[in-house]
Amino acid sequence: MRIFKFGGASVKDANGVKNLVKVLKEVGHKDTLLVVSAMGKTTNAMENIVDAYFKDKQNLDDAIQVVIDNHKAIINDLFEARNHDIHNKVNVLIEEFRGFLMWNKSPKYAFVYDQVVGYGELLSTTIVSTYLNEIGLSNHWLDVRELIKTDNSYRDAQVNWETTATNVKRHINIGELNITQGFLGSDENNFSTTLGREGSDYTAAILAYCLNADSVTIWKDVPGVLNADPRHFKETQLLHQISYREAIELAFYGASVIHPKTLQPLQGKEIPLHVKSFINPSEDGTTVGRGTKISPEIPCFIVKKDQVLLKLSSLDFSFIVEENMSEIFKLFHDFRLKVDLIQNSAISFSVCLDNKFGGLNELLQKLEQKFKVTCHNNVSLYTIRHFDENSVEKVLNGYTVLVEQRGKETVQLVVK
């Protein structure tokens, strides 16, 4: 079986859904499992609903209506019949999460987030599956929450691999066209969980691992894996092939084309990963596999914006040793700040952090009790794999370097 993952950009509107059909007809669709994300910017819209629920309830209905209107516009473009059953299916899903928000008693943002935001994927796959059936591409729709079981670490759930594998083998129809959602799972109490933002790639890898799939293809609006994100760099080149290890390195440092967790299950069973263009599906794209060198061998640029740089030093000029480090990293864990770079000396410690869960202010209160803390907000972390001096100079142009760290193949620069 092959796994195809289509992201939000590929199904952002009716033309996108029709192009998905074009891709399937061109490359084949038998014995294939589609993993489909929420349509376009729906995840952002669902997040706005959660924010309104907690902070601005008088605008909650307006936030929900945005989601309804966006999906109805796509439905009206795809289906000629005004009384088509797809309207009922979508209304049921809308009322499910609206009902949850009415009866929910939990004050925990992460829990509520996971119960609501994933309906973007459920809406998307319901519409795509119904449209495929409408045009004669018979398919088997699956609720991925019945497949992927996780713990209850909401917004960043950890997979229970044994239970998941059993569920996947039981529910997937081998030989047919199947469709399910990315990003989602459920815990032992059947509450929805999410695998982390942009987690649909990881979903595809989980399912591929459990099915011993022949390959995974991620369909993007770019030709494949580029040596830099075209949103941030003017000149980019296509990487024709890279190894699992190289791809894991790029993902770890923040390359946006592949989710950081995606490569590990694929590498475990040597399942090839293809990253291809849904605009030009016949082109080769990028292949990630075992033992293949990066081709061409050129510098690869990765940037993470809106990071936080903390510089800690002891109040009495004593050494920062293992005991201090252990305490500091426990606080990072407790307040859910992801560490992207560390640098330390005898009496100081610098760390670049991703504050995506918003725990920075509480962290600073704790750290300032024991350390002198300097905090730089809104810094950028640049990573260059296979760097040379020309590539470093290209990044440094116009920036002040706050931290620089070099290895044999990789340089990292925190800049303001």
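Side chains included, hydrogens not; waters and symmetry mates left out as well; all remaining heavy atoms used.
By the 30° and 60° cut-offs, the orientation of the rings of F4 relative to W219 is perpendicular. Between Y382 and Y399, the two ring planes are tilted [angle within 30° to 60°]. Classified by interplanar angle (parallel below 30°, tilted 30° to 60°, perpendicular above 60°), the ring pair Y202/W161 is perpendicular. The aromatic rings of Y109 and F54 are tilted relative to each other, their planes meeting at an angle between 30° and 60°.
Two rings, from F191 and F111, have their centers less than 6.0 Å apart. A distance of 6.0 Å or more separates the ring centres of F100 and F97.
Side chain of S313 to main chain of S348: no donor-acceptor pair is present (N/O by atom type, distance under 3.5 Å, no hydrogens or angles). Looking only at distances, no side-chain donor or acceptor of S215 sits under 3.5 Å from a matching main-chain atom of P272. A distance-only check finds no donor-acceptor pair linking the side chain of T163 to the backbone of N160 [under 3.5 Å]. Between the side chain of N167 and the main chain of L147, a donor-acceptor pair closer than 3.5 Å is present. Checking side-chain atoms of Q412 against main-chain N and O of Q405 turns up no donor-acceptor pair under 3.5 Å.
Salt-bridge annotation for D388 and K394: absent, with no side-chain N of the basic residue lying under 4.0 Å from a carboxylate O of the acidic one. The pair D354-K304 fails the salt-bridge criterion, with no side-chain N (NZ, NE, NH1 or NH2) lying under 4.0 Å from an Asp/Glu carboxylate O. K293 has no carboxylate O lying under 4.0 Å from a charged side-chain N of E246, or vice versa, which leaves the two without a salt bridge. E389 has a carboxylate O that lies under 4.0 Å from a charged side-chain N of R406, or vice versa, which qualifies the two as a salt bridge.
Remark: K372 NZ is loosely packed, at most 12 non-hydrogen atoms of other residues, nucleotides or ligands lying under 6.0 Å away. Summarising the local packing, NZ of K305 is surrounded by more than 12 heavy atoms from other residues, nucleotides or ligands at distances under 6.0 Å.
Side-chain contact of N377 with K416: a donor-acceptor pair under 3.5 Å is absent, judged by distance alone. No side-chain N or O of N178 forms a donor-acceptor pair with one of N139 less than 3.5 Å apart. Defined by atom type and a distance below 3.5 Å, a donor-acceptor pair is missing between the side-chain atoms of D51 and N48. Side chains of S192 and R145: a donor-acceptor N/O pair is present below 3.5 angstrom, by distance only. K149 and S186 are linked by a side-chain donor-acceptor pair at a separation below 3.5 angstrom, with hydrogens and angles left out of the test. Judged purely by distance below 3.5 Å, without hydrogens or angles, the side chains of S153 and D151 pair a donor atom with an acceptor atom. Between the side chains of H274 and T287, at least one donor-acceptor pair of N or O atoms lies under 3.5 Å.
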>> Could you go through D114 and T194, starting from their C-alpha distance and side-chain angles, then the distance that decides it, and tell me whether this counts as side-chain hydrogen bond (donor to acceptor under 3.5 Å, both in side chains)?
In response: CA-CA 6 Å; D114 278 11; T194 61; 2.7 Å; yes
>> Pair F278, K22 - check side chain to side chain contact (heavy atoms under 4.5 Å, CB included), show working.
In response: CA-CA 9 Å; F278 59 72; K22 178 175 174 285; over 6 Å; no
>> side-chain hydrogen bond (donor to acceptor under 3.5 Å, both in side chains), that's the test. Do W141 and T125 meet it? Break it down for me.
In response: CA-CA 8 Å; W141 184 92; T125 53; 3.1 Å; yes
>> Show, in sequence, the C-alpha distance, side-chain angles and deciding distance for R2 and V216, and conclude whether the side chain to side chain contact (heavy atoms under 4.5 Å, CB included) test is met.
In response: CA-CA 6 Å; R2 301 175 302 173; V216 172; over 6 Å; no
> After noting the C-alpha distance and the side-chain angles of S350 and L341, does the key distance pass the side chain to side chain contact (heavy atoms under 4.5 Å, CB included) rule?
Replying inline: CA-CA 8 Å; S350 297; L341 176 147; 5.8 Å; no
>> Under the criterion side chain to side chain contact (heavy atoms under 4.5 Å, CB included), I'd like the reasoning laid out for F349 against V351: C-alpha separation, chi angles, the key distance, then a yes or no.
In response: CA-CA 7 Å; F349 176 79; V351 58; 3.8 Å; yes
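Atom CG of L177 and atom OG1 of T32 lie 6.5 Å apart (nearest 0.5 Å). In this structure, CG on L312 lies 10.0 Å from CD on E368, to the nearest 0.5 angstrom.
In this structure the side chain of M39 reaches within 4.5 angstrom of the side chain of H71, judged on heavy atoms. H140 places a side-chain heavy atom less than 4.5 Å from the side chain of L142.
When V308, L309, L310 are each tested for a side-chain contact (heavy atoms from CB on, under 4.5 Å) with H376, only one passes: L309.
Considering only residues two or more places apart in sequence or on other chains, T410 meets the side chain to side chain donor-acceptor pair (under 3.5 Å) condition with R385.
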